[in-house]
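Quick notes on the structure that follows.
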Amino acid sequence: MTSPVSVSGILSAVLSWAVHTALLGGILLVPGRQVAAAAVEPISDRDGLFPFETLQLTDAALANMAHSAPAVDLSMFSFKDDSKLRSRATQAACKTYPGDPAWPTDPMWRLFDNLLGGALIKTVPEASACYAEWGHYSASKCEELTNNWNNSTFRADNPTSIRSILFQGMTCMPPNYAASFLGNGVNCTVGGFPEYSINITNVGQIQLAVNIARELNIRLVIKNTGHDFGAKSTGKGGLGVWTHHLKDAEFYPEYKTSTYSGPAFKLAAGIQVFEANLLAKQHNVTLVGGEGKTVGIIGGYIQGGGHSPLTSIYGMAADHVLSIQVVTSDGRFVIADADTNPDLFWALRGGGAGTFGVVTSMVVKAFPKITVTTLTYNVTTGGNFTRDKFWAMQRAYVDDFEKYADLGYYAYFRIRHVNGEIFHDMTSMVAPNTTETAFRASMAPLWAKWAEIGVPFQPAIREYDNYYDAWLNGFPQEVWTWTMRQASRFVPREVIASEQKRTSIMASIQRVFDEGSHILLFNIRNPPGSDQINNAVNPAWRKILMFAIMFVTWNVTDPTPYVTELSRNLTYEWNPRWKALTPGSGTYMSESDYIEPNWQESFHGDKYPQLLKVKQKWDPDHVFYATNAVGSEAWQLSEVIMGHLPSQNSKLCRK
Ligand SMILES: Cc1cc2nc3c(=O)[nH]c(=O)nc-3n(C[C@H](O)[C@H](O)[C@H](O)COP(=O)(O)OP(=O)(O)OC[C@H]3O[C@@H](n4cnc5c(N)ncnc54)[C@H](O)[C@@H]3O)c2cc1C
Ligand SMILES: *[C@@H]1O[C@H](CO)[C@@H](O)[C@H](O)[C@H]1NC(C)=O
Ligand SMILES: *[C@@H]1O[C@H](CO)[C@@H](O)[C@H](O)[C@H]1NC(C)=O
Ligand SMILES: *[C@@H]1O[C@H](CO)[C@@H](O)[C@H](O)[C@H]1NC(C)=O
Ligand SMILES: *[C@@H]1O[C@H](CO)[C@@H](O)[C@H](O)[C@H]1NC(C)=O
Ligand SMILES: *[C@@H]1O[C@H](CO)[C@@H](O)[C@H](O)[C@H]1NC(C)=O
Ligand SMILES: *[C@@H]1O[C@H](CO)[C@@H](O)[C@H](O)[C@H]1NC(C)=O
Ligand SMILES: *[C@@H]1O[C@H](CO)[C@@H](O)[C@H](O)[C@H]1NC(C)=O
Ligand SMILES: *[C@@H]1O[C@H](CO)[C@@H](O)[C@H](O)[C@H]1NC(C)=O
Ligand SMILES: *[C@@H]1O[C@H](CO)[C@@H](O)[C@H](O)[C@H]1NC(C)=O
Ligand SMILES: CC(=O)N[C@H]1CO[C@H](CO)[C@@H](O)[C@@H]1O
């Protein structure tokens, strides 16, 4: 692995080529003489680009390469406007897969790797160290993997690891976790992981990846952290753009646009929430970011909308984006902001990631440093604290949801089945811009009601002089679970405000729980005026007071029929009940059912037609695909898991 792209790399590629004259992917490649230019060239920093963004693939670089090696067909690396191959790709029924005549040969991958400066990684599934046939068996490495399989920090260091591995087919698990419920034995194959990934360190590499994927009709996969619940950062036979190592960040004390003047950060694609929040603390400001520590900030999170412990006062993370740098499907590197490419700018702020382009950086607003108070507690039923008392406790709390959200508070809590009892943990209630004294005063009436009910309640309350410390202590790092499915729904203010509708939704939540699901709830709002913001955030977000998630878990050894029924229950039995009680509402794409029926409406409401227009304009060839992303209805995966879950370990074909 050498980096950045080197001229000598190109030379050796061309030389090694000389002995590999062959029909490569249907293109006759003739050995060239010498290529005298690197694939990418440095561009001046005039636009405030990060150094990695100044290394670009340009027309000049391509022309230079063509000039130096006239006999070599470089069209598969060309921008769309210069392409000679495209028509074949757009006519194919399916993406190109290994074994297809159009799949690049090994020498072609070697050439590509050289153009990339050695950044191409052939996929070696992360758990392959547990399998002798991969040739690098290590008992200690396998044990480490087994022990860290739930550790997102550990696993994000792998170019293809993902959290929601169920939809990948679980084709290479540590042996203890082999998915017998899927009929899998103790085996390891690449399965639904991409064939290759690129460890991205410059924009030129992303442009080359987009161009080759478009010209050769290869499935392009973008992976940042791999957190996505819908496994949108994997795909069989894919070429992966892995953005994790793009860690640049810059603070602007006074960033100016036509509508904003104030502090801002420019963040590169690989920056994660824990890094962004720490930077904000170091500059005495506050950023709107998610609760999950290792989630990326400008990848799937912000492009999908992005809710935060600060959302009840500041709104969605996507509401505060000032500028976006992005590689689009034609291979070009463009800026999207309020004045330049405003339609793309609109769509990338809430319309979903992985379908409009590869974002390399964003400029986002920062807010003043604030005092933050947090509350944590847990209760378990048992003894005198009966289930009825538990649900009375929940009801008393939800009765006041409007009050807390309107004070700017946020809460994230779970209700789970543990050892036959109900275990309820308030991960954190967060009161931004609020002192402990003010917080206690606002909660006192509820706690008095809880005392009457007999809730065994020991609150841990703490005031911080900045958001970072509150967030750091308030949200322990969550584990990556792999035998789990979820579905979700927004509960609008109008439902919470009506006593009768509130009774119905609480009864439904309790019933779904009693029938076997676990529950995860947020008390959250979007502040007044948010619905006037002109971006692609789901309009249903603007009306909510509660975001409700149901999830089921199982053991890898559970029988297939049981797991199938559990999984089907979410989509076909339980979530429809919540939908019926919240007509016209929706849900959050990034924390939703993998097979959400009518997802266009649920995730985007009346913004979907415009989003589809933007998709058609910016990616007419469907270079980008992600399951349930805008435009994905034109495609289908050829196989399903347990009879109902589209498998990323199958071919992606046009419908
Ligand atoms: C533990 C945990 C906590 C979470 N907490 C929150 C929370 O508090 N608030 C919230 O709103 N959400 C939260 N989420 C959901 C989270 O927003 C999504 O999982 C999101 O998709 C993660 O984005 P990523 O870039 O980190 O992950 P990835 O899985 O790497 O990517 C997600 C999607 O974005 C695409 N993508 C990634 N980078 C880029 C890029 N640079 N350009 C274009 N497309 C890109 C990928 O192709 C994929 O489609 C949480 C999830 C988990 C697992
Ligand atoms: C993560 O997995 C390890 C090893 O199996 C286990 O010890 C640990 O308790 C798990 N962590 C959580 C929070 O479940
Ligand atoms: C998770 O992995 C990281 C990186 O390997 C490691 O530093 C950390 O200790 C691990 N966490 C746990 C809880 O094991
Ligand atoms: C990816 O690139 C970064 C930065 O050059 C490097 O630190 C890291 O080790 C590379 N990872 C892999 C898996 O190649
Ligand atoms: C942040 O504020 C503290 C005290 O309020 C001050 O000492 C420090 O210099 C400030 N840091 C920056 C980067 O402004
Ligand atoms: C529950 O809260 C108690 C304090 O009331 C704390 O000691 C305990 O660790 C918590 N348990 C869990 C599982 O969070
Ligand atoms: C349960 O309630 C009874 C009657 O109110 C009381 O006497 C008893 O002490 C309680 N038990 C516990 C464990 O709180
Ligand atoms: C924080 O509170 C102060 C008064 O206590 C108020 O003036 C300010 O507007 C609040 N900030 C936000 C973002 O709500
Ligand atoms: C998995 O099985 C163990 C016992 O083998 C059991 O204690 C646990 O509750 C099961 N977990 C789930 C999610 O069913
Ligand atoms: C599925 O839901 C039904 C109720 O609709 C319930 O009776 C059944 O037990 C559930 N199955 C599983 C596996 O949870
Ligand atoms: C295709 C393949 O290798 N299948 C093997 C998977 O693992 C089981 C044992 O767990 C073997 O019996 C299969 O032959």
Side-chain angles (χ1 to χ4, degrees), residues 291-292 309 312 372-405 407 409-431 434 436 439-464 470-471 473-479 481 484 486 488 491 496 502-524 545-553 574 578 591:
E291 58 79 22
S312 295
V372 176
T373 297
T374 63
L375 162 68
T376 305
Y377 58 82
N378 62 60
V379 296
T380 309
T381 54
N384 284 359
F385 189 49
T386 60
R387 288 178 171 244
D388 285 348
K389 286 182 183 174
F390 172 79
W391 289 108
M393 171 202 187
Q394 293 309 306
R395 174 59 193 263
Y397 177 30
V398 173
D399 283 348
D400 285 348
F401 260 25
E402 194 159 12
K403 168 179 146 182
Y404 307 126
L407 282 165
Y409 300 178
Y410 153 106
Y412 164 35
F413 59 100
R414 295 177 294 186
I415 302 170
R416 287 179 287 165
H417 301 273
V418 175
N419 300 326
E421 297 292 345
I422 303 176
F423 177 70
H424 162 52
D425 55 334
M426 170 61 70
T427 299
S428 267
M429 188 161 176
V430 176
T434 304
E436 179 176 342
F439 177 73
R440 283 183 182 274
S442 72
M443 299 307 295
L446 176 65
W447 295 346
K449 279 187 215 159
W450 283 0
E452 262 172 50
I453 294 168
V455 177
F457 167 65
Q458 290 177 283
I461 301 171
R462 209 170 141 185
E463 180 186 306
Y464 300 86
W471 166 85
N473 290 330
F475 297 94
Q477 184 164 332
E478 290 152 299
V479 296
T481 48
M484 182 261 202
Q486 65 180 3
S488 62
V491 183
I496 298 291
R502 192 163 71 240
T503 301
S504 304
I505 192 76
M506 288 309 288
S508 185
I509 288 171
Q510 181 176 345
R511 197 172 144 214
V512 163
F513 178 85
D514 288 342
E515 288 177 19
S517 181
H518 307 278
I519 305 291
L520 195 160
L521 298 175
F522 293 86
N523 178 205
I524 190 171
L545 282 181
M546 178 197 278
F547 175 34
I549 299 178
M550 56 177 82
F551 65 100
V552 294
T553 59
W574 298 333
W578 290 4
E591 291 171 316

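Residues take their numbers from the sequence shown, with the count starting at 1.
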- request: Quick one: closest heavy-atom pair of P445 and K403, and the distance?
  value: CG-NZ, 4.0 Å
task: Give, for atom OH of Y410 and atom OG1 of T374, the distance between the pair rounded to the nearest 0.5 Å.
output: 12.0 Å
query: Given the rule in the side chain to side chain contact (heavy atoms under 4.5 Å, CB included) test, do T376 and Q458 qualify, once you have shown the distances and angles that lead to the verdict?
result: CA-CA 9 Å; T376 305; Q458 290 177 283; over 6 Å; no
- prompt: Taking the six-membered ring for Trp, are H417 and F513 ring centroids under 6.0 Å apart?
  reply: yes
- request: State, with a plain yes or no, whether a side-chain heavy atom of F522 is found less than 4.5 Å away from one of M546.
  value: no
query: Going from CD1 on I505 to CD1 on I496, what distance comes out if it is rounded to the nearest 0.5 angstrom?
result: 7.5 Å
message: So, taking the atom named CD1 in I509 and the one named CZ in R395, what distance separates them when rounded to the nearest 0.5 Å?
response: 11.0 Å
task: Could you tell me which non-hydrogen atom of Y377 sits nearest to which non-hydrogen atom of P459, and how far apart they are?
output: CB-CA, 4.3 Å
- request: Report the C-alpha separation of I549 and I519 in whole Å, then their side-chain angles, then the decisive distance to 0.1 Å, and conclude whether the side chain to side chain contact (heavy atoms under 4.5 Å, CB included) test is met.
  value: CA-CA 6 Å; I549 299 178; I519 305 291; over 6 Å; no
statement: Taken in chain and number order and not counting sequence neighbours, the residues that satisfy side chain to side chain contact (heavy atoms under 4.5 Å, CB included) with A392 are I453
query: When rounded to the nearest 0.5 angstrom, what is the spacing between CZ in R414 and CG in N378?
result: 10.5 Å
field: Separation of D388 CG from M393 CE (nearest 0.5 Å)
entry: 14.5 Å
message: How close do L545 and N523 get, counting heavy atoms only, and between which atoms?
response: O-ND2, 2.9 Å
query: Can you find a pair of side-chain heavy atoms, one from Q394 and one from M506, that are under 4.5 Å apart?
result: yes
query: Checking side chain to side chain contact (heavy atoms under 4.5 Å, CB included) for the pair F439/L375: CA distance, chi angles, key distance, verdict?
result: CA-CA 9 Å; F439 177 73; L375 162 68; 3.7 Å; yes
query: Of all residues at least two apart in sequence or in a different chain, which pass the side chain to side chain contact (heavy atoms under 4.5 Å, CB included) check with E436?
result: T373, R440, I461, E463
field: For the student: nearest non-hydrogen atoms of P476 and T427, plus distance
entry: CD-CG2, 4.3 Å
- prompt: Between R387 and G420, what is the shortest heavy-atom contact and its length?
  reply: NH2-O, 3.1 Å
message: Looking only at the aromatic ring of each residue, does the gap between the centers of H424 and F390 stay below 6.0 angstrom?
response: yes
task: Please step through side chain to side chain contact (heavy atoms under 4.5 Å, CB included) for the pair R502 and V398, ending with a clear verdict.
output: CA-CA 8 Å; R502 192 163 71 240; V398 173; 4.2 Å; yes
- prompt: Hey, does W578 have a side-chain heavy atom less than 4.5 Å from the side chain of M550?
  reply: yes
message: Restricting to side chain to side chain contact (heavy atoms under 4.5 Å, CB included), what partner residues turn up for E478, sequence neighbours left out?
response: E291, Y412
query: Is the shortest heavy-atom distance from the side chain of W447 to the side chain of V455 under 4.5 Å?
result: no
- prompt: Should the ring pair W450 and Y397 be called parallel, tilted or perpendicular, given that the plane angle runs from 0 to 90° and is split at 30 and 60?
  reply: perpendicular
message: Assess, by modelled atom type and distance only, whether the side chains of S488 and E591 contain a donor and an acceptor separated by less than 3.5 Å.
response: no
message: Given 3.5 Å as the limit, does a donor-acceptor pair link the side chain of S517 with the main chain of F551, or not?
response: yes
- request: Give, for atom OG of S428 and atom CZ of R462, the distance between the pair rounded to the nearest 0.5 Å.
  value: 11.0 Å
field: Y409-T434 side chain donor-acceptor pair, cut-off 3.5 Å
entry: no
- request: May I ask you to decide if K389's main-chain N or O and T386's side chain share a donor-acceptor pair within less than 3.5 Å?
  value: yes
message: My understanding is that only one of T380, D425, I422 makes a side-chain contact (heavy atoms from CB on, under 4.5 Å) with R416; could you say which?
response: D425
- prompt: What heavy-atom pair brings S312 and I524 nearest, and what distance separates the two atoms?
  reply: OG-CA, 3.6 Å
